[in-house]
> 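Okay, here's the structure, questions in a sec.
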Amino acid sequence: MSEEEPELIPAKWIEIYHYCPKIIYYMGVLGARERETEYMVEGKSEQENEEERERRRITLLAKRKEKVIRRWMNLKLSSEKLGIKGEVDFIAQTENGTKIVEIKHTTINKLMPGYLYQTASYAMLAEENLKIPVRSIIIHYIKSGKTFEINLTDEIRNHVKWVTRKIKDIIEKEKIPKVQKIKECRGCGYYKVCKKL
Ligand code: SF4
C-alpha cells in the first residue's frame with residue numbers, strides 16, 4: 001500500500017481473504033490486480049441492472065412482502081475505527097428494521113462466508129456512519145435466484161474485525177500467508193503468479 005493511500009482496507013478484500021489469503025499478499029504487497037474477464041464485466045452490468053430495478057421497487061427484492069420506508073443506494077463509506085472502506089450498494093430501512101442488501105452475480109446455491117463477512121462489514125460501516133442499528137444482512141444471488149438473510153450478531157462483527165487485523169498483518173509484515181493447495185486454485189486469476197513463488 002502506498003504512503004498517499006489511507007490505510008483503510010477495501011471491504012471487498014474481506015471477501016477475497018476468505019477465498020484465499022494469498023491474494024491479499026499479491027494485491028496489498030505486490031500491487032497485482034486480476035485481469036477483468038468478460039464474465040466479470042457481464043456480472044457487473046447485471047448487478048447494476050438489478051440494483052436499478054431495486055431502486056424503483058416498493059417492497060424489498062420484489063418477492064418479499066416487506067415494505068421499504070427509506071433507501072440509500074451506492075453509498076461510499078469509511079471508518080478509521082474499523083480500518084475499512086467500501087461502497088455499500090443498498091441499505092433499506094424496512095418496517096422490520098434496517099437491512100443491508102448485497103447482490104451477487106453467481107450460480108452457486110450456498111451462502112459463501114466471504115460474501116457474508118464482506119456484507120457484514122458494510123453493515124458495520126453503515127451503523128457507524130449513519131448512526132443507525134442494522135438488524136440483518138440480505139445476500140441475493142442473481143443467477144441462482146437464492147436469497148439469504150442473516151441477523152447481524154456480535155459474533156459476526158468480531159469475525160469481521162479479526163479478518164481486518166489479519167489482512168493488515170499480511171500487508172504490514174509483507175509475509176506470504178501459508179495456504180494448503182486449495183480447490184479454488186483452478187478458477188483463480190493469480191494461478192500463474194502463484195506457481196512461480
Ligand atoms: S492459485 Fe490458489 S493458492 Fe494461489 S492465490 Fe489463487 S487460490 Fe490462492
Side-chain angles (χ1 to χ4, degrees), residues 1-48 50 78-79 82-89 100 102-125 137-148 150 155-197:
M1 205 172 275
S2 74
E3 274 174 21
E4 310 85 65
E5 282 176 38
E7 303 277 321
L8 298 177
I9 306 290
K12 170 82 184 156
W13 289 19
I14 293 174
E15 186 222 319
I16 294 173
Y17 180 91
H18 287 86
Y19 185 82
C20 179
K22 263 192 183 180
I23 300 177
I24 299 297
Y25 176 84
Y26 297 143
M27 295 177 81
V29 179
L30 304 185
R33 291 292 178 270
E34 193 178 6
R35 190 178 58 85
E36 199 167 47
T37 62
E38 261 178 53
Y39 183 76
M40 285 155 86
V41 174
E42 184 204 334
K44 235 189 249 173
S45 128
E46 274 193 39
Q47 213 164 305
E48 280 163 12
E50 184 60 27
S78 62
S79 159
L82 295 168
I84 49 179
K85 61 180 176 182
E87 184 168 339
V88 189
D89 292 341
I100 305 294
E102 177 71 4
I103 294 165
K104 297 286 186 192
H105 175 260
T106 177
T107 52
I108 50 176
N109 285 306
K110 60 176 186 182
L111 177 61
M112 303 301 282
Y115 292 161
L116 167 64
Y117 294 111
Q118 178 195 3
T119 313
S121 72
Y122 291 148
M124 291 161 73
L125 283 172
I137 53 185
I138 296 173
I139 299 166
H140 176 62
Y141 294 166
I142 304 176
K143 288 257 173 181
S144 64
K146 288 267 175 195
T147 305
F148 305 90
I150 309 101
E155 206 183 343
I156 292 178
R157 286 189 181 91
N158 288 337
H159 183 80
V160 169
K161 290 179 192 161
W162 180 82
V163 175
T164 310
R165 279 198 302 276
K166 288 287 199 190
I167 293 174
K168 277 194 168 165
D169 226 41
I170 293 171
I171 297 166
E172 281 163 13
K173 295 186 179 146
E174 301 193 357
K175 205 169 162 209
I176 305 183
K178 283 199 173 57
V179 174
Q180 298 291 334
K181 286 222 176 298
I182 51 173
K183 62 175 182 337
E184 282 80 359
C185 293
R186 246 187 289 162
C188 177
Y190 294 87
Y191 187 67
K192 280 190 187 156
V193 189
C194 220
K195 263 202 319 192
K196 287 186 202 148
L197 292 171

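What you see below is based on every heavy atom in this structure, not just the backbone, and it leaves out hydrogens, waters and symmetry mates. Just so you know, ligand 1 is whichever comes first in the structure, and atom 1 is the first atom listed for that ligand.
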> To which protein heavy atom is atom 6 (Fe) of ligand 1 closest, and what is the distance rounded to 0.1 Å?
C188 SG, 2.3 Å
> Hey, is there an N, O or S on C185 sitting under 2.8 Å from atom 2 (Fe) of ligand 1?
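C185 does place an N, O or S atom closer than 2.8 Å to atom 2 (Fe) of ligand 1.
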> Knowing that exactly one of V160, D89, V88, I137 qualifies, which makes a side-chain contact (heavy atoms from CB on, under 4.5 Å) with T119?
I137
> Which of the atoms in ligand 1, numbered in the order shown and given with their element, are less than 4.0 Å from a heavy-atom of I23?
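Here the atoms of ligand 1 in question are 5 (S).
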> Going by the angle between their ring planes, with limits at 30° and 60°, are H18 and Y117 parallel, tilted or perpendicular?
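Rings of H18 and Y117: parallel, as their planes differ by under 30°.
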> Look at C20 and state whether any of its N, O or S atoms is less than 2.8 Å from atom 8 (Fe) of ligand 1.
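An N, O or S atom of C20 is closer than 2.8 Å to atom 8 (Fe) of ligand 1, so yes.
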> Counting from 1, what ligand 1 atoms have a heavy atom of Y191 closer than 4.0 Å?
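Listed by number with element, the hits are 1 (S).
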> Quick one: which ligand 1 atoms are inside 4.0 Å of a heavy atom on Y26?
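Counting from 1, the qualifying ligand atoms are 5 (S).
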> If only atom types and distance count, is the side chain of Y141 paired as donor or acceptor with the main-chain N or O of K110 below 3.5 Å?
yes
> Can you tell me how far SG of C20 sits from OH of Y26, rounded to the nearest 0.5 angstrom?
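Between Y26 OH and C20 SG, I get 7.5 Å after rounding to 0.5 Å.
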> Run the numbers for me: atoms of ligand 1, each under 4.0 Å from some heavy atom of C194, listed by number.
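What qualifies from ligand 1 is 1 (S), 3 (S), 4 (Fe), 5 (S).
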> Where the side chain of S144 meets the backbone of I108, is there a donor-acceptor pair that is under 3.5 Å apart?
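Yes, because the side chain of S144 sits within donor-acceptor range (under 3.5 Å) of the backbone of I108.
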> Can Y19 and E15 be counted as having a side-chain donor-acceptor contact under 3.5 angstrom?
no
